[in-house]
Amino acid sequence: MTAFLNGFMISAGLIVAIGAQNAFVLRKGLLKQNVGVVVSLCWLCDLALIGLGVFGISALLSDNVYATAALSLAGGLFLLGYGALSFRRAYKGGGHLSIAGEADTATPSALQAAAATLALTLLNPHVYLDTVILIGGSAAGLSAADKLKFLIGAVTASGVWFAGVGYGARLLQPLFRRERIWRILDSLIAIMMFYLAYGLLRQVFSLFPKGS
């Protein structure tokens, strides 16, 4: 269960952010345009990329204690920085999600929506850092069984988020426009990131016990 929760939290912390992909999904939900296509492709991309990270990159390096330590250290430091930025956003405020063109009546085809979704997702270099390297690297020290639980947790968070944004857009719109909601979200993300960073950094020290 711990591996599942860690996967869920790290995925949720990285996904719940103001960005082009979330704005795109929310806009499609508000306009009720190809929501199923958009949500499914976002989730499938996360499934493929996180799976590659967990069972590809991390699996290749899991037998190398130094590589595992390096991934855990890099991930822990990144999460500390990410958490600090989230805490800073929560403290300063000013966050909101603005959706332009909500009155647009032109409905693109499913193929056009799919192409736009894949472009926004796969042409963004940060998606590979977040999913393959950071999330995948965080599972490097886990057993095969725990890696599966970690992956299930991560993609569950992704599915819940995208489905919630896409299908609940009209209900969520007022919340997304309120700065206070983003300050609360950023505070929760900061706490999750600090907790996960602690776990990864502790793992680094556990790989090199005293006297070894």
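Every heavy atom of this structure was used, including side-chain atoms; hydrogens, water molecules and symmetry mates were not.
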What is the distance from atom OG1 of Thr117 to atom CD of Gln21, rounded to the nearest 0.5 Å?
8.0 Å

Does Leu85 share a hydrophobic cluster with Met9, counting links as ILVMFWY side-chain heavy atoms below 4.5 Å and allowing steps through other members?
no

What's the verdict on side chain to side chain contact (heavy atoms under 4.5 Å, CB included) for Thr121 and Leu41, showing C-alpha distance, side-chain angles and the deciding distance?
CA-CA 9 Å; Thr121 302; Leu41 281 177; over 6 Å; no

Measure the OG-NZ distance between Ser143 and Lys149 for me, rounded to the nearest 0.5 Å.
7.5 Å

Please say yes or no: joined through hydrophobic side-chain contacts below 4.5 Å, possibly via intermediate residues, are Leu122 and Leu52 part of one cluster?
yes

With a 4.5 Å limit on heavy-atom distance, are the side chains of Leu201 and Leu73 in contact?
yes

d(Asp146 CG, Thr2 OG1) to nearest 0.5 Å is 8.0 Å

Distance-only donor-acceptor hits, side chain of residues 151-160, under 3.5 Å, sequence neighbours excluded:
from: Thr156; atom 1: OG1; to: Ile152; atom 2: O; distance (Å): 2.6
from: Ser158; atom 1: OG; to: Asp46; atom 2: OD2; distance (Å): 2.7

Only counting residues at least two apart or in another chain, list the ones meeting side chain to side chain contact (heavy atoms under 4.5 Å, CB included) with Val35.
Val39, Tyr167

Apply side chain to side chain contact (heavy atoms under 4.5 Å, CB included) to Leu188 and list each qualifying residue two or more places apart in sequence or on a separate chain.
Ile184

Please tell me if the side chains of Val38 and Phe162 come closer than 4.5 Å, counting only heavy atoms from C-beta onward.
no

Out of curiosity, does Leu5 fall in the hydrophobic cluster containing Ile50 (side-chain heavy atoms, cut-off under 4.5 Å, transitive links)?
yes

Minimum heavy-atom distance between Val37 and Ala110, given as atom pair plus value:
CG1-O, 4.0 Å

Quick check for you: to the nearest 0.5 Å, what is the distance between Ile15 atom CD1 and Cys42 atom SG?
9.5 Å

In the single-linkage hydrophobic clustering (I, L, V, M, F, W, Y; side-chain heavy atoms under 4.5 Å), do Trp43 and Phe55 co-cluster?
yes

Please report the shortest heavy-atom distance between Ser138 and Ile10, naming the atom on each side.
OG-CD1, 3.3 Å

Side chain to side chain contact (heavy atoms under 4.5 Å, CB included) with Leu44: which residues, sequence neighbours excluded?
Leu47

Short side-chain to backbone donor-acceptor contact, Ser187 and Arg183, under 3.5 Å:
yes

For Ala48, what residues pass the side chain to side chain contact (heavy atoms under 4.5 Å, CB included) criterion, not counting sequence neighbours?
none

Should the heavy atoms of other residues, nucleotides or ligands under 6.0 Å from CZ of Phe194 be counted, would the total exceed 12?
yes

Within residues 189-198 or reaching into it, pairs that qualify as side-chain hydrogen bond (donor to acceptor under 3.5 Å, both in side chains) - sequence neighbours excluded
none

